[in-house]
Colleague: 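Just dropping this structure here.
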Amino acid sequence: MAIGYACISVGLLNSSMKKCLLKNATDETLKDITKNNILALERQIDYNIHNNIHMFRISSDLIPFGSSPVNKLDWPNLFKTELNQIAEKIKTNNIRVSMHPGQYTVLNSLNEETVKNAIADLSYHALVLDSLKTDNSNKIILHVGGVYGDKKTAMQRFIENYQALAQNVKDRLVIENDDKSYTITDVLSISQQTNVPVVYDNLHNYLNPSSTLVSDQYWIDTASKTWQKKDGKQKIHYSQLNPNKKSGSHSETIMINEFKTFYDNLANDVDIMLEVKDKNISALKCINTTSNNNLLPAIEKEWSRYKYLILSKSQTAYIKIRELLKNFDNDKVLVFYNTIEQELALPEDKGNQINAAQHVWGYFKDLEDDKQRLHFVKLIDDYLEDKVSIKKIKNYLYRLAINHNNKYLLDSYYFYL
DNA sequence: TGACGTCAAGATCCG
DNA sequence: CGGATCTTGACGTCA
């Protein structure tokens, strides 16, 4: 059972994917961006290895215009060395990767050109996974597409176009129920006719339920039968609804108690891809909460990342968690994360924010000159007078952490949440 | 024709 | 001029 996250590693320096506009897409620019992105991917893989995260979705933005004729670069060969190095890390550390083309890749479109683009896009995604020398259990997850007023025919068109795909794409393709059109029943029916494995998405099923109203576990068990040995372990998508938004957007973070209940009800051995705004931060929360290892080292590492954030909310909570860690055992992991979730939900309090900012500033006050010391004092004054936001102070401290290459602070969620 | 979703690039505004 | 904030882009479907 692995738990993973998608595309972005929050708080990891130099790990974001660069893009360019179509009008700037010269060979030179595309090459620069590709190099940047492959190195960024390597940093993400390294991060996952160091943090015991064994499942990861690679961003479709890895190769700019990767499926467009605009990009004529032979990138698999140009960056062979770099790709091989990443491939080796993925393999030796047993990381399961995947990719997920967006909602604009529509294999069953009525528009011939759109279908052609979708096929090219799927080939691009397969080429990335092939270039990383991953086996066929490393999947490409796709939605079925549009309905066009006639779902039956649209599903049939999906099946026909799927049959015509290149073998290396077919070997990796997996289909997922979506939040608007294709329910889990629809997707399972396509799977019956094609043997394509099915990823069950709990939130999509909540928003776009199948007419048969049964539990998540029922659908997970049913979907499990679509996964063959060559496909690897069954995968599911798990997310929670953002309570502050009208639409079906994903939550900022995974609320751990709700996840734990879901997890404890699972009867199948599945790999879980989380879809959530805070990405790796929630992945670590879920991994630690469901692990049987001795958790103390992992939780101490987590505490080092959360501590200034908690201090910026409440000194009492900060002391309480420190006490909890003094006599820590695995049974206390939920209390640890519950306390953190509770504290992070508190409204901004200036006194606590300044206290935390002073603590972080403490790393630099003897390293900086009078000019910087005055600047910090002025920032605090301005913050007290509502002239600047706490974000401005955090950004200033973040720049100092970068300038002094303070690795401990750079890992801190204080700057990112 | 605009909403939908995503996130960085690009554009603009501010002190 | 650096920094913060707003808009655009690239994609296809649907109301």
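Proteins come first, then strands; the chains are lettered A, B, ... in the order of their sequence lines, and each starts at number 1.
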Colleague: Parallel, tilted or perpendicular: which fits the ring planes of A:Y238 and A:F259, with parallel below 30° and perpendicular above 60°?
Modeller: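 Rings of A:Y238 and A:F259: perpendicular, over 60°.
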
Colleague: Could you give the OH-to-C1' distance, from A:Y416 to B:dC7, as a whole number of Å?
Modeller: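 It works out to 18 Å between those atoms.
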
Colleague: Please list every donor-acceptor pair under 3.5 Å in which a side-chain atom of residues 355-364 of chain A meets a protein atom from a residue at least two apart or in another chain.
Modeller:
unit_1: A:N355; atom_1: ND2; unit_2: A:Q315; atom_2: OE1; d: 3.4
unit_1: A:H359; atom_1: ND1; unit_2: A:N355; atom_2: O; d: 3.0
unit_1: A:Y363; atom_1: OH; unit_2: A:Y308; atom_2: OH; d: 2.7

Colleague: Tell me what A:K180 touches on the nucleic acid: a base, only sugar-phosphate, or nothing, going by heavy atoms under 4.0 Å.
Modeller: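 If one applies the 4.0 Å heavy-atom cut-off, A:K180 turns out to touch nothing in the nucleic acid.
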
Colleague: Strictly by ring pair (Phe, Tyr, Trp, His ring centres under 6.0 Å), give each pair with a member in residues 101-137 of chain A just once, sequence neighbours left out.
Modeller: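 For residues 101-137 of chain A, and leaving out neighbouring residues, there are no ring pair (Phe, Tyr, Trp, His ring centres under 6.0 Å) pairs at all.
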
Colleague: Of all residues at least two apart in sequence or in a different chain, which pass the side-chain contact (heavy atoms from CB on, under 4.5 Å) check with A:D382?
Modeller: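 Counting only residues at least two positions away or on another chain, A:D382 forms a side-chain contact (heavy atoms from CB on, under 4.5 Å) with A:K378, A:K387, A:V388.
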
Colleague: Rounded to the nearest angstrom, tell me the gap between atom CG in A:D382 and atom C1' in C:dA4.
Modeller: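 So the CG-C1' distance, A:D382 to C:dA4, works out to 15 Å.
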
Colleague: Please output the side-chain donor-acceptor pairs of residues 9-22 of chain A that fall under 3.5 Å, not counting sequence neighbours, one pair per line with the distance.
Modeller:
unit_1: A:S9; atom_1: OG; unit_2: A:Y5; atom_2: OH; d: 2.9
unit_1: A:S9; atom_1: OG; unit_2: A:Q44; atom_2: NE2; d: 3.1
unit_1: A:S15; atom_1: OG; unit_2: A:L12; atom_2: O; d: 2.7

Colleague: With sequence neighbours left out, which residue pairs that include part of residues 145-184 of chain A fulfil the ring pair (Phe, Tyr, Trp, His ring centres under 6.0 Å) condition?
Modeller: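 Passing the test, one end in residues 145-184 of chain A: no pairs.
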
Colleague: On the nucleotide C:dG3, are OP1 or OP2 found under 4.0 Å from the side-chain N or O atoms that A:R399 carries?
Modeller: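 For C:dG3, OP1/OP2 do have a side-chain N/O of A:R399 under 4.0 Å.
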
Colleague: Output the rounded distance in Å from NZ (A:K391) to P (C:dA4).
Modeller: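 Taking NZ of A:K391 and P of C:dA4, I get 7 Å after rounding.
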
Colleague: The criterion is ring-ring contact (aromatic ring centres under 6.0 Å, His included); which residues satisfy it with A:Y306, sequence neighbours excluded?
Modeller: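 Partners of A:Y306 under the ring-ring contact (aromatic ring centres under 6.0 Å, His included) test: A:Y413.
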
Colleague: Between A:H250 and A:H237, does the ring centroid distance fall short of 6.0 Å?
Modeller: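 When the ring centroids of A:H250 and A:H237 are compared, they turn out to be at least 6.0 Å apart.
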
Colleague: Regarding A:N24, tell me which of base, sugar-phosphate or nothing describes its non-hydrogen contacts under 4.0 Å with the strands shown.
Modeller: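 Answer is sugar-phosphate: A:N24 comes under 4.0 Å of backbone atoms only.
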
Colleague: Find the distance A:K387:NZ to C:dG3:C1' and express it as a whole number of Å.
Modeller: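 Spelled out: NZ on A:K387 to C1' on C:dG3 is 18 Å.
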
Colleague: If only side-chain N and O atoms of A:N395 are considered, is one of them under 4.0 Å from the OP1 or OP2 phosphate oxygen of C:dA4?
Modeller: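 Yes, within the criterion.
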
Colleague: Enter the inter-axis angle for the ends of the helix from B:dT1-C:dA15 to B:dG15-C:dC1 (five pairs per end, rounded to 10°).
Modeller: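 Angle reported: 70°, given to the nearest ten degrees.
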
Colleague: Which residues pass the ring-ring contact (aromatic ring centres under 6.0 Å, His included) test with A:Y47, not counting sequence neighbours?
Modeller: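 ring-ring contact (aromatic ring centres under 6.0 Å, His included) check on A:Y47 returns nothing, list empty.
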
Colleague: Would you list the protein and nucleotides 8-14 of chain C atom pairs, both N or O, that sit under 3.5 Å from each other?
Modeller:
unit_1: C:dG9; atom_1: N2; unit_2: A:K19; atom_2: NZ; d: 3.4
unit_1: C:dA10; atom_1: OP1; unit_2: A:L22; atom_2: N; d: 2.7
unit_1: C:dT13; atom_1: OP1; unit_2: A:S109; atom_2: OG; d: 2.9
unit_1: C:dT13; atom_1: OP1; unit_2: A:Y148; atom_2: OH; d: 2.1
unit_1: C:dC14; atom_1: OP1; unit_2: A:V147; atom_2: N; d: 2.7
unit_1: C:dC14; atom_1: OP2; unit_2: A:Y148; atom_2: N; d: 3.4

Colleague: Calculate the interatomic distance between A:I33 atom CD1 and B:dA9 atom P; express it in whole Å.
Modeller: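 Taking atom P of B:dA9 as the reference, CD1 of A:I33 is at 8 Å.
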
Colleague: In whole angstroms, how far is the P atom of C:dG3 from the NE2 atom of A:H375?
Modeller: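 It works out to 9 Å between those atoms.
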
